[in-house]
Amino acid sequence: MLELNGVNTYYGNSHVLHDVSLRLEAGETVALLGRNGVGKTTTMRTIMGLTPARRGQIRFKGTDIVRWKPYQVARAGIGFVPEERWIFPSLTVHQNLLIGLKSEADAHTQGPGLWTLERCYEAFPLLKKRQHAKGRTLSGGEQQMLAIARTLVGNPELILIDEPTEGLAPKIVDMVAGIIRDIGRQGMTVLLVEQKLSIVMELAERIYVISKGMIQWHGTPGELRNNEAIRKSYLEV
Ligand SMILES: Nc1ncnc2c1ncn2[C@@H]1O[C@H](COP(=O)(O)OP(=O)(O)O)[C@@H](O)[C@H]1O
Ligand SMILES: [Mg+2]
């Protein structure tokens, strides 16, 4: 589904990603793990074309998308749920959701597995209850659910989710993790950045560990559990 090959990304003269290579098969949930400031968000921004790679290849379903603009990447079927959530504060929950639709027709198009507004409200009853509330009045958990729901109504084939549980209360963390688990089980391909190791162990089928902009290790949750050296070097504080 997605393949990065020798990707190098810079902010000005600052070289942040060094030959990053990773791949996601269709239907997989893959986690990108690492400490703060190692390049996880930059990897997602690079895939989306928000901070384009200076060298390397990014293939999505076999097509090289490395020079594509963010709107082209989104239209091709990659959704992004950014760490900052990008909720419009003066728009209602419902209006924020409408922004996620790629066309007006998408709102009610039926099809197996398609995310309509109705299905979003079913999956996120809290959002339904708050559909007329302004973005600025939402709690952190509600904002995160709205950010995920807004990306889902664009019906991406691959969704990139950056630190979805950061700063949320434990009960809400469980709820958001459950939503991501359901999305994955329903067949969507997921690339997840998440600091809570327990969530990654539960949700991810494979894990990449990144440090200083370089992929240092990859394997399954079971392999990471048994690899204290990798955890100590790159994950635990
Ligand atoms: N807009 C930016 N301009 C310059 N440097 C940046 C910018 N965004 C991030 N960086 C730097 O790039 C590195 C990787 O950041 P980031 O990808 O956000 O890390 P992570 O998501 O793993 O915490 C850090 O050293 C950070 O300071
Ligand atoms: Mg980040």
Side-chain angles (χ1 to χ4, degrees), residues 2-24 29-58 60 65-71 73-74 78-87 140-141 143-148 150-151 156 158-168 172-173 176-177 179-180 189-201 203-204 206-219 221 224 230-237:
L2 182 76
E3 185 173 5
L4 275 64
N5 225 322
V7 165
N8 286 267
T9 302
Y10 297 68
Y11 292 106
N13 289 326
S14 164
H15 190 174
V16 175
L17 295 186
H18 301 263
D19 289 324
V20 166
S21 297
L22 55 85
R23 55 185 295 142
L24 276 82
T29 296
V30 171
L32 183 59
L33 268 179
R35 294 198 176 108
N36 279 332
V38 296
K40 304 182 299 297
T41 297
T42 304
T43 301
M44 290 189 163
R45 292 183 58 87
T46 298
I47 295 167
M48 292 311 295
L50 291 161
T51 308
R54 209 170 282 181
R55 295 190 302 283
Q57 287 151 4
I58 304 178
F60 178 58
I65 60 165
V66 76
R67 302 266 165 264
W68 289 18
K69 302 271 179 239
Y71 75 91
V73 176
I78 306 183
F80 180 36
V81 184
E83 208 172 345
E84 312 83 8
R85 298 164 191 157
W86 299 349
I87 301 302
Q143 282 184 34
Q144 187 61 57
M145 286 179 222
L146 178 54
I148 293 172
R150 188 178 57 190
T151 304
L158 162 65
I159 188 167
L160 317 178
I161 313 180
D162 196 0
E163 305 226 17
T165 70
E166 200 192 4
L168 303 183
I172 311 295
V173 166
V176 170
I179 287 164
I180 296 167
T189 311
V190 180
L191 179 60
L192 174 67
V193 165
E194 172 57 59
Q195 295 278 5
K196 295 179 186 69
L197 201 55
S198 60
I199 293 183
V200 168
M201 291 300 202
L203 298 186
R206 289 191 302 114
I207 297 168
Y208 287 88
V209 172
I210 183 171
S211 176
K212 295 180 183 160
M214 286 176 266
I215 300 289
Q216 304 288 351
W217 182 87
H218 77 270
L224 185 59
I230 292 292
R231 289 201 319 272
K232 280 222 157 92
S233 307
Y234 302 119
L235 303 175
E236 286 155 16
V237 227

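When a ligand or atom number is given, it counts from 1 through the structure's own listing order. Nothing fancy with the numbering, it's 1 onward along the sequence.
Inclusion of T41 in the first shell of the Mg ion (ligand 2) is supported: an N, O or S atom falls under 2.8 Å.
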Would you check, one step at a time, whether the test side chain to side chain contact (heavy atoms under 4.5 Å, CB included) holds for R231 with L197? CA-CA 10 Å; R231 289 201 319 272; L197 201 55; 4.1 Å; yes
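S211 is linked by a side-chain contact (heavy atoms from CB on, under 4.5 Å) to Q216, Y234, counting only residues two or more places apart in sequence or in another chain. In terms of the ring pair (Phe, Tyr, Trp, His ring centres under 6.0 Å) criterion, residue partners of H18 (sequence neighbours excluded) are, by chain and number, H15.
If you take CG on L33 and NE2 on H218, they are separated by 13.5 Å, rounding to the nearest 0.5 Å.
Contact check for T41 versus E83: side-chain heavy atoms found under the 4.5 Å cut-off.
Residues lining ligand 1 at a heavy-atom distance below 4.0 Å are given as Y11, V16, R35, N36, G37, V38, G39, K40, T41, T42, ordered by chain and residue number.
Within the structure, salt bridge (charged side-chain N to carboxylate O under 4.0 Å, His left out) contacts touching residues 7-24 (residues at least two apart or in different chains) are E3-R23, R23-E25.
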